[in-house]
Amino acid sequence: MEVFVLVGSSGTGKSFRAISVAKQKNIEYIIDDGLLIKGNKVLGGSSAKREKSKMSAIKRALFIEDDHRRKIIRILDKEKPNRILILGTSDKMVESIVETLGVGEIKEWIFIEDVASKDEIRLARKYRVKEGKHIIPVPTFEIKKDFSGYFLNPLKIFRNFSKEEAHDWEERSVVRPTFSYMGRYFISNGVIEDLVYHVASKIIGIFKINNININNTNNGLIIEMDARIVYGNPIRPLVERLQEQVKTEIEDMTSFNIVSIDVNVKNLVIL
């Protein structure tokens with residue numbers, strides 16, 4: 001395959017620019033921080049931004065862990081991409097990734113200074129230093145389950161590539177990694193329970209919610225609860241509304257991904 005590399009020091013906006021560079025070079029596959037990306041989809045890997053320390057993040061980005069490396073190589077063997085763009089913070093880093101994954105020789109070197117102005121690089125550094133924000137070049141829905149509980153927001157970019165090409169939206173995701181110098185944050189199950197109670201209290205027809213059980217998995221939250229419903233209301237639509245509202249409000253307020261919400265209707269209450 002033809003290998004292109006995009007090199008720039010940490011916080012200079014490589015991931016932000018990756019989609020644009022890939023489109024300009026007609027490249028469909030991107031390797032960035034331990035992830036193998038095809039278009040808007042993550043094909044495999046695990047993001048270095050989920051690691052708990054900078055050292056483990058570097059190892060993840062370099063595919064040093066055997067299982068991680070083998071999985072990416074298997075996917076590449078299956079996909080057989082013609083071109084691939086590899087991101088790295090230094091010449092040595094991209095050369096190491098190319099060698100580790102055995103993708104061939106580097107065809108073209110692209111440096112962040114070639115695709116971003118000094119002012120744009122300065123602004124990218126400002127956001128990294130002041131707010132600890134990192135970019136992942138895929139839509140938020142693609143990685144939400146992998147970053148459940150992290151600060152995660154979509155970033156949409158409107159682009160007009162040329163007069164001949166149609167207008168287009170590019171979406172990236174903004175995260176603040178665990179190893180950020182700004183520290184960690186925790187959301188207790190008690191907070192989630194209070195949110196469930198609050199949501200249920202606003203739904204006409206739900207008499208009471210109790211016995212809430214919250215299981216925080218790697219992919220997100222599994223919420224179970226018992227419900228008492230006011231007699232005369234259609235049960236299924238009411239429960240579906242409860243599930244939908246709980247999912248929407250908890251995901252919006254906490255950044256947790258909701259895997260499932262299981263509601264056990266215990267009884268009907270006559271008012």
Side-chain angles (χ1 to χ4, degrees), residues 1-51 54-117 120-121 124 128 134-139 142-143 146 157 159 161-162 165 168 170-173 175 177:
M1 70 186 80
E2 295 182 340
V3 180
F4 297 73
V5 295
L6 175 57
V7 182
S9 58
S10 180
T12 53
K14 293 186 303 300
S15 297
F16 180 80
R17 300 280 169 185
I19 296 176
S20 300
V21 171
K23 286 188 175 182
Q24 291 168 7
K25 301 291 183 180
N26 195 28
I27 301 170
E28 197 174 7
Y29 296 80
I30 298 173
I31 286 180
D32 182 24
D33 265 349
L35 293 174
L36 173 58
I37 300 162
K38 179 183 180 183
N40 286 333
K41 186 176 180 61
V42 176
L43 294 183
S46 178
S47 176
K49 294 175 175 62
R50 287 195 61 187
E51 298 299 323
K54 278 195 173 183
M55 183 57 68
S56 57
I58 291 170
K59 291 180 178 179
R60 179 64 63 185
L62 291 173
F63 300 94
I64 290 175
E65 198 269 324
D66 290 341
D67 187 55
H68 184 209
R69 180 176 63 255
R70 284 195 294 265
K71 286 180 180 178
I72 295 300
I73 292 174
R74 281 199 298 269
I75 296 171
L76 288 172
D77 288 343
K78 180 181 178 182
E79 292 285 323
K80 294 181 171 55
N82 294 321
R83 293 184 166 192
I84 192 166
L85 176 65
I86 297 176
L87 278 59
T89 58
S90 67
D91 298 6
K92 185 177 180 181
M93 179 178 180
V94 293
E95 288 173 344
S96 176
I97 294 172
V98 167
E99 182 180 354
T100 299
L101 297 180
V103 293
E105 296 183 358
I106 297 174
K107 174 184 174 65
E108 184 176 342
W109 291 78
I110 305 164
F111 297 91
I112 190 65
E113 293 81 7
D114 300 330
V115 294
S117 68
E120 289 170 332
I121 293 172
R128 174 63 60 85
H134 293 238
I135 302 292
I136 299 177
V138 288
E142 260 300 301
I143 56 171
D146 296 318
I157 309 297
R159 301 185 64 87
F161 293 100
S162 69
E165 294 182 47
D168 195 11
E170 294 178 4
E171 182 171 326
R172 304 159 174 85
S173 301
V175 300

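The structure displayed is predicted, hence computed values, not measured ones.
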Discussion item. Using a strict threshold of under 4.0 Å (side-chain N to carboxylate O), is an ion pair present between D66 and R69?
Written reply: yes
Discussion item. Any heavy-atom pair between the side chains of R83 and Y29 that's under 4.5 Å?
Written reply: no
Discussion item. Which residues pass the side-chain hydrogen bond (donor to acceptor under 3.5 Å, both in side chains) test with R70, not counting sequence neighbours?
Written reply: none
Fill in: Contact check, side chains of W109 and D114, non-hydrogen atoms, under 4.5 Å
no
Worksheet item: Below 4.5 Å, heavy atoms only, C-beta onward: do R60 and E65 meet side chain to side chain?
Response: yes
Worksheet entry | Any side-chain heavy-atom pair of L85 and K25 under 4.5 Å | no
Worksheet item: Side-chain contact, heavy-atom cut-off 4.5 Å: I31 with I84?
Response: yes
Practice prompt. Check for a donor-acceptor pair, side chain of K80 on one end and backbone N or O of D77 on the other, with a separation under 3.5 Å.
Written response: yes
Worksheet item: So how far is it from I27 CD1 to E108 CD, rounded to the nearest 0.5 Å?
Response: 7.5 Å
Worksheet item: Would a 4.5 Å heavy-atom cut-off, applied to side chains only, mark F16 and V115 as touching?
Response: no
Worksheet item: Among V98, I106, D32, V7, which one satisfies side-chain contact (heavy atoms from CB on, under 4.5 Å) with I86?
Response: V98
Worksheet item: With distance as the sole test, does K14 use its side chain to make a donor-acceptor pair with the main-chain N or O of G8 at under 3.5 Å?
Response: yes
Discussion item. Any non-hydrogen side-chain atom of L62 less than 4.5 Å from a side-chain atom of I97?
Written reply: yes
Discussion item. Do D33 and L87 make a side-chain contact, defined as non-hydrogen atoms from C-beta onward lying under 4.5 Å apart?
Written reply: no
